[in-house]
Amino acid sequence: MMIEIDNLVKSFGKTKALDGISLRIGDSEIYGFVGANGAGKTTTMRIISGLIPADSGKVIINGLDSVKNIKQIKSKIGYVPDYFGVYDNLRVTEYMEFFAAAYDLTGREVEKRCLRLLDELGLGDKPDFFVDDLSRGQKQRLGLARALVHNPDILVLDEPTSGMDPKGRIETRDILRRLNEEGKTIIISSHILHEISELVTGLAVIEKGKIVMSGSIESIETKMHIENPIIMKVIKNADIAAEVLKEDEEVLNLTITEDNEFYISYGGSDEDEGYLLKRLVEAGVMITSFCRRGHDLESVFIKIME
Ligand SMILES: Nc1ncnc2c1ncn2[C@@H]1O[C@H](COP(=O)(O)OP(=O)(O)OP(=O)(O)O)[C@@H](O)[C@H]1O
């Protein structure tokens, strides 16, 4: 399902939550929204899912305007909110059937489908539990099962891994990968980049209602790498090092300090970087350290967000 988001604007009273969000999410992508608290992720997701209207701008899903075709669109989207509903006094199966009924799905086949979904999401032994008695991770998975009840083509998940332990996060990631392989387009948000960077195919970084960066995960990593130069300490043959670096077209900027510390803005991939180091060593350059200023992408990401 192709999703085209065009110039969404939304205010709540005096707060401008969205200030012109435009995006294209391709068929069968797993697309991530990353941003700090209050950036506008939830508002964007709720507009895409048809839960609230935008003040202006539009969302087109497979050629259909989401406002004009709201019924059709809602049948294609499953939304998992970041908070858990107020149905904690229901048992797990009752909860599922309650949401199925909201889509006019009832009967023996639907009951079977609900049980199968619970099974697939690792809740097969919990049908008679009260929702309230489930752990946070189990509740998140139940939220996912409920969003799948009408077999939507698009899944929109607001911070599905927040508050989960690493095991729960890995399990959720595996489930989402599987659903994506089955053909579902997935939109997922997080305020922590590394929680979703391994899962997503594309990413938009949202800040104060605007997109500050978007693209494939590789292109975002490259942009972040450029912001985060390689720092190389050379103790012999610095002149040769400078020659080798000048020949590499991925070297976008180079600063050499008096004590032969090289600051290299590098646009290449991790593999390119490995080959660059190999060429330097083979050319006879003696290097004592070769690393980035930030320890990881996350620290650079935080720098960009500041
Ligand atoms: N129903 C509402 N009424 C008033 N203000 C709102 C409402 N919903 C969102 N906002 C405001 O709009 C802005 C964007 O909020 P939104 O929930 O979209 O951000 P978010 O990126 O999802 O943040 P979080 O990670 O904290 O969920 C915030 O300033 C928020 O306070």
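Values below: all heavy atoms of this structure, side chains included; hydrogens, waters and symmetry mates excluded. Positions are given from 1 along the sequence. Read the numbers this way: they start at 1 and go in the same order the structure lists the ligands and their atoms.
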* Checking salt bridge (Lys or Arg N to Asp or Glu O under 4.0 Å) for the pair Lys233/Glu261: CA distance, chi angles, key distance, verdict? -> CA-CA 5 Å; Lys233 175 83 182 143; Glu261 224 168 35; 5.5 Å; no
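Heavy atoms from other residues, nucleotides or ligands lying under 6.0 Å from CD of Glu249 number 12 at most.
Annotation: Phe99 is in aromatic contact with Tyr95 [ring centroid separation under 6.0 Å].
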Please list, one pair per line, the donor and acceptor atoms closer than 3.5 Å that link side chains of residues 14-23 to other protein atoms, with sequence neighbours excluded.
from  : atom 1 : to     : atom 2 : distance (Å)
Asp19 : OD2    : Lys210 : NZ     : 3.0
Ser22 : OG     : Asn7   : N      : 2.8

For residues 62-74, which side-chain donor-acceptor pairs fall under 3.5 Å, sequence neighbours excluded?
from  : atom 1 : to    : atom 2 : distance (Å)
Asn62 : OD1    : Met2  : N      : 2.9
Asp65 : OD1    : Val67 : N      : 2.8
Asp65 : OD1    : Lys68 : N      : 3.2
Ser66 : OG     : Val59 : O      : 3.3
Asn69 : ND2    : Asp65 : O      : 2.9

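A heavy-atom cutoff of 4.0 Å around ligand 1 is satisfied by the protein residues Phe12, Thr15, Ala17, Ala36, Asn37, Gly38, Ala39, Gly40, Lys41, Thr42, Thr43, Asp82, Glu159.
Under the rule for a side chain to side chain donor-acceptor pair (under 3.5 Å), Thr43 has no partner lying at least two apart in sequence or in another chain.
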